[in-house]
Amino acid sequence: MGTAELIWNGVAAFLVLSIYSFLYKDNPLYKFAEHLVVGVSAGYFAIILYYNAFLPKLINPLRVGQYWYIIPGILGLLMWARFSRKWQWLSRPTLGFVIGSGAGLAIPLYLQNYVLRQLSATMLPVGFSTWPQITNVLIIIMVFCALAYFYFSKEHKGAFGGAAQIGIWTLMIGFGAGFGMTVMGRVALLAERVVFLRDYFAVLVSSVF
Amino acid sequence: MNFYERMMNLDRRWVYLVIGVVVVVTAIWTFRVPLYVTPEARSVYDFVESLTPGEVLMIGVDYDPSALAELHPMSYAITRQCFSKDVKLLLCCLHQNGPGMVEQVIAQVAEEYGKVNGVDYVYLGYKPYPSITILAMGQNFRIPFPEDYYGTPLDSLPMMRTITNYDNVRAIINISAGSATEYWINYANGRYNAKLAIGVTGVMTSDYYPFLQSGQIFGLIGGMKGASEYEYLAEKGGYISKEKDQLIASKSMPIQTTTHIVIILFIVIGNIGYFMTKGKK
Amino acid sequence: MRRTLPIAVVAGVGLFMLVQYFIPLEEFETLYEWALDWTMVIGCFAMLLGLYSLTTMMVTKVKRKAPGWGYSLVALAGLFFMVFVGVVPHYQDSLKYGTLFMDIFEYIYIPIQAAMFSLLAFYIASAAYRAFRARTVLATILLVSAIIIMLRLVPLGPLSGINQWLVNFILTVPNMAAKRAFWLGVGLGATATALKIMLGIERGYMGRD
C-alpha cells in the first residue's frame, strides 16, 4: 500500500470508527460523519445525474439539432412547479404522463409475471411415489392455504378456517426463513467493515514498525 | 430484582460489547469455514462457465455501498471469471449511488486482465427510473444510453456494433440490493424473455425462490454466503486466488459463523429469561 | 381543466402503453420508444427535486442558526466540494477511477455508508436478546425456522448434512409457497392500483388544489 493509499484508508478507518462510536452514545464525531456522508452523497449524485442523465439525454441531443427534446425538457421543468402553491397544477400533466406510462405498462406485465406465471408454476405433477411429487403436493397445498389466509371476505371458520390456519403456519415458516437470512445479511455488513479495519491496521503496523 | 429480571433489563450496550468482542476476536484468530454450495448459486457459475470467448454477458449492478459487503464480492468474482474466459461484458447501474461501485470493479479487474474499454467491455452508466430504462434497453440500448458512462457515443464503440438489445446478450445477471430486481424480472424477462439470474442481499434472498422455481430466473446468489459459494467455485476453476486476496466474501465467513452462534444463544437466553420471569408476573 | 387534463393524460398514455403491449405494429413501437425516451428526460428533472429540497433545507438551517447548524454546514461543504471536484479539473473524466472525485467516493462515502448500515448487526443482536420471544405457537414456528436457517452457517459436524437438507426444504417448499402467495397479492394489488389510476379513481398524485 503506497503512502497516499495509506492516508486515504486511514481517513476511511477514522470515519468508520466515528460511526461505531454511536454504539456507546450519540456524539459530535458521529454527527460529523453522518452529515458529511449526506453532503458527499448528494454532491456525488448531482454529478452523476449531470454527466450520465442530463448531458446525454438532453443537452447533447439539443446541441446536435434534435430540438424535439425541448418538449420533454419543458415537461420536466414543469415538474418544478410543485414547489409553488399557486402554480402547482402545472406539474400535473407531466406527472400524469409519467404515472400513466407506468400504470399502462404495469397491468399486463404484473398480471403475466406475478400472477399467471406464478400460478402456472404451481400446477405441478402430483403423486406420492417419489419425494419431488410429495413436495409438489405440499407446495400446492401451502400456496392455496396461504392465499386462503389472505382472503378476509369470508370468515375463517370450518374447513376454510383450517386452510387459513395451515396458511398462517406456512407464512410463519417463510417469515422465519426471511428473518434467518436477514441476520446473515446484517452480520455480513459488520463482518466486512471489521475485516477492513483489521487489514488496514495490520498494514499500518507493519509499515510503521 | 432477581437474576433473571436483571438479565432481562440488561443495558443493550452490553449486548453490543459482546458482539464487538466476538467479531474482533474472530477477525484476529480466523479459521476456514466448511461450505455447502447451493444448486442455485452453482447454476449461475455453470452458466458463466459455459460461455465461449467473444460472447456477451450483461451485468446489471444495482447497489450502493450499504450492500457492499454482500454484493461487491459477487461482482468481482463474476467479472474475473468472465475476463479470464474472454467473455465480453456489458454493464449498467440503475441505482443512483452505485455507478462508482461498478467503476471500482471494472477499472480494477480490467487492468488485471488487460481488457480494453469499448472492445472487451462497455459500461453504460446510470439512468433514473429503472423500470423505464430496463424496458428501453429491451428495444435498443441506445435509447436510454446514447453514450456510455465516460461520455463516448455508443455507436463509436467497437463492441457495440453487433449489440442492439437483450437479444444480442447471452444473459443478464442482476446484482441488486433494492427493487431493481423486480423490474428486471418483470420487464427484461417478462416482456423480452431475457435469460436472467440474480444476486441479491440476504434480506431479499428468500423472496425470490418462487421465481427460481417458475423458471423466470435461472440462478440465485443469496447474500454473503452465496457470494462465498461463488468464490469457492471460481477458486476451484482457477479464476480467483486466495494468495492474490481475491476471496473477499470468504474472509468474512468465520465472523458470520461465530456471530450467528452468539445471536442464537442470545435468542435462547432471552427466551429462558422470559419464561422464568413470566410466571412471576 | 386543472384536474381533468391530467386525468385525461393518465388515461390516454396509460391506455396506449397497455394496448401497445398486444399490438406489434411498427408505428406503435415507435411511439412506445418515444414515450420511454421522454419519460427518462422527465426523470432527470424529477431526480433534481430531491436534491433541491435537501439543499434548501440545509441552507435554511444554517441561515437561521438552528440547533446543529454546524453539521448542516459540514453537509453543504461536502456537497459543494463534491460538485466542484466533479467538474474541475477533469470534467467528465472525473468519473474515472483514480481521480479525486472517485477517491472521495471510495474512501469517504463508501466507508461511512457501509459502517452506518453495519450498525444494524448490533441492533439485530440486541433485538434477538430483548424482543424475539416464543410467546405463541406461531412465534415459535417462526423462531424455529429462523434458527434452522441461521445454523446453516455453523459447522455442526455430523448434523450439518441434515441441517442443509432442512434448510433446502424450508427455502424451496414452505418459504417458496409463502412468498408465492405474497407475490400473487403484489401482482393483483399492483394491477388493481394501476387500473384505478388509469380510470381516474386514484388521484393522490395530483396533490391538493
Side-chain angles (χ1 to χ4, degrees), chain A residues 8 12 15-16 19 31 33 35-40 42-44 46-47 49 51 53-54 57-58 72 75-76 79 89 92-93 95-97 99-101 103-108 110-111 114-115 118 135 138-139 142-143 146-147 170-177 179-180 186-187 189-190 193, chain C residues 2 5-6 9-10 13-14 17-18 21 35 38-39 41-42 44-47 51 54 71 74-75 78-79 82-83 86 92 107-109 111-112 114-118 120-121 124 138 141-142 145-146 149-150 170 173-175 177-181 183-184 186-187 190-191 194 197-198 205-206:
Chain A
W8 272 119
L15 291 168
V16 169
I19 294 293
K31 283 204 183 75
H35 284 77
L36 180 64
V37 80
V38 166
V40 164
Y44 175 80
I47 290 294
L49 192 66
Y51 287 132
F54 273 101
K57 289 305 297 175
L58 184 65
L75 286 175
M79 291 271 269
W89 62 273
R92 288 179 191 161
L95 266 173
F97 181 86
I99 288 169
S101 341
L105 289 164
I107 292 172
Y110 273 78
L111 267 178
Y114 288 173
V115 181
Q118 290 294 310
T135 55
L138 288 172
I139 287 170
M142 285 177 169
V143 169
L147 286 171
T170 307
L171 289 167
M172 285 298 122
I173 297 174
F175 293 145
F179 167 63
R186 302 292 178 233
V187 172
L189 307 174
L190 174 64
R193 283 294 93 193
Chain C
R2 290 184 183 193
L5 177 63
V9 168
V10 167
V13 174
M17 289 302 216
L18 172 60
Y21 181 78
W38 283 23
T39 309
V41 175
I42 294 167
C44 301
F45 289 93
M47 293 292 136
L51 270 172
L54 178 73
Y71 297 113
V74 167
L79 194 160
M82 268 309 253
V83 171
Q92 193 155 1
Y107 295 108
I108 292 179
Y109 180 52
I112 299 178
M116 287 194 85
F117 278 81
S118 71
L120 293 167
I124 209 163
L138 292 176
I141 293 172
L142 190 149
S145 165
I149 297 290
M150 286 164 66
I170 287 175
V173 182
N175 166 70
K179 299 297 161 58
R180 176 157 287 165
W183 286 114
L184 283 165
V186 165
T191 309
I197 289 171
M198 272 173 57
Y205 60 88
M206 282 205 272

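Proteins get letters first, then strands, A, B, ... in listed order; numbering begins at 1 in each.
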**Student:** Using non-hydrogen atoms only, which part of C/I108 is less than 4.5 Å away from chain A: side chain, backbone, both, or neither?
**Tutor:**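 Contact with chain A: backbone and side chain both.
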**Student:** Which of the residues C/V186, C/L138, C/I141 is involved in the greatest number of heavy-atom pairs with chain A at under 4.5 angstrom?
**Tutor:**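 Top count of heavy-atom pairs under 4.5 Å with chain A: C/L138.
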**Student:** Can you tell me which of A/L171, A/L105, A/V187, A/T135 forms the most heavy-atom pairs within a distance under 4.5 Å of chain C?
**Tutor:**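 Of the options given, most contacts go to A/L105.
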**Student:** Looking at side-chain heavy atoms only, is the closest gap between A/L36 and A/L15 below 4.5 Å?
**Tutor:**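 They are in side-chain contact.
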**Student:** Can you find a pair of side-chain heavy atoms, one from A/V16 and one from C/I112, that are under 4.5 Å apart?
**Tutor:**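 A/V16 vs C/I112: side chains apart.
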**Student:** When only pairs under 4.5 Å are counted, which of C/Q92, C/M116, C/M150 shares the most heavy-atom pairs with chain A?
**Tutor:**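 Result: the option with the highest number of such pairs is C/Q92.
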**Student:** Under 3.5 Å, side chain of C/S145 to main-chain N/O of A/A177, donor-acceptor pair present?
**Tutor:**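 Pair found, side chain donor or acceptor close to backbone of A/A177.
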**Student:** Please round to the nearest 0.5 Å and tell me the distance separating atom CZ of A/F97 and atom CH2 of C/W38.
**Tutor:**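 Reported value, rounded in 0.5 Å steps: 6.5 Å.
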**Student:** For A/Y51 and A/A46, indicate whether the former's side chain and the latter's backbone hold a donor-acceptor pair under 3.5 Å.
**Tutor:**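 Flag not set: sc A/Y51 to bb A/A46 has no pair under 3.5 Å.
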**Student:** Taking C/A190, C/G14, C/A35, C/A46 one by one, which has the highest count of heavy-atom pairs under 4.5 Å against chain A?
**Tutor:**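 The candidate making the most pairs under 4.5 Å is C/G14.
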**Student:** A/L189 versus A/R193: any side-chain heavy-atom pair under 4.5 Å?
**Tutor:**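 A/L189 does not reach A/R193 side chain to side chain.
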**Student:** Please flag which part of C/F117 lies under 4.5 Å from any non-hydrogen atom of chain A: side chain, backbone, both or neither.
**Tutor:**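 Both backbone and side chain.
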**Student:** Please flag which part of A/L49 lies under 4.5 Å from any non-hydrogen atom of chain C: side chain, backbone, both or neither.
**Tutor:**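 For A/L49, the contact with chain C is made by the side chain alone.
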**Student:** Between C/L5, C/V9, C/I42, C/N175, which has the largest tally of heavy atom pairs under 4.5 Å with chain A?
**Tutor:**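 Heavy-atom pairs under 4.5 Å are most numerous for C/I42.
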**Student:** Please state whether the side chain, the backbone, both or neither of C/I149 comes within less than 4.5 Å of a heavy atom of chain A.
**Tutor:**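 Answer is side chain: those atoms of C/I149 sit under 4.5 Å from chain A.
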**Student:** Relative to chain A, which segment of C/L54 carries a heavy atom at a distance below 4.5 Å: side chain, backbone, both, or neither?
**Tutor:**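 The answer is the side chain of C/L54.
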**Student:** Given that the side chain runs from C-beta out, which part of C/I124 has a heavy atom under 4.5 Å from chain A: side chain, backbone, both or neither?
**Tutor:**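 The answer is the side chain of C/I124.
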**Student:** Compare all side-chain heavy atoms of A/P108 with those of C/L18 and state whether any distance is below 4.5 angstrom.
**Tutor:**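 SC-SC contact between A/P108 and C/L18 confirmed.
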**Student:** Please identify, among A/G43, A/P72, A/G96, A/G76, the residue contributing the most non-hydrogen atom pairs under 4.5 Å to chain C.
**Tutor:**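 Maximum pair count with chain C is reached by A/P72.
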**Student:** Side chains of A/M79 and A/L95: closer than 4.5 Å at any heavy-atom pair?
**Tutor:**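 Heavy-atom side-chain distance check passes, below 4.5 Å.
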**Student:** Can you say whether C/I197 sits under 4.5 Å from chain A via the side chain, the backbone, both, or neither, judging by heavy atoms?
**Tutor:**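 Side chain only.
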**Student:** Counting only non-hydrogen atoms closer than 4.5 Å, does A/L58 touch chain C with its backbone (N, CA, C, O), its side chain (CB onward), both, or neither?
**Tutor:**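 For A/L58, the contact with chain C is made by the side chain alone.
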**Student:** Could you tell me whether the side chain of C/I170 reaches within less than 4.5 Å of the side chain of A/I173, counting heavy atoms only?
**Tutor:**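 SC-SC contact between A/I173 and C/I170 confirmed.
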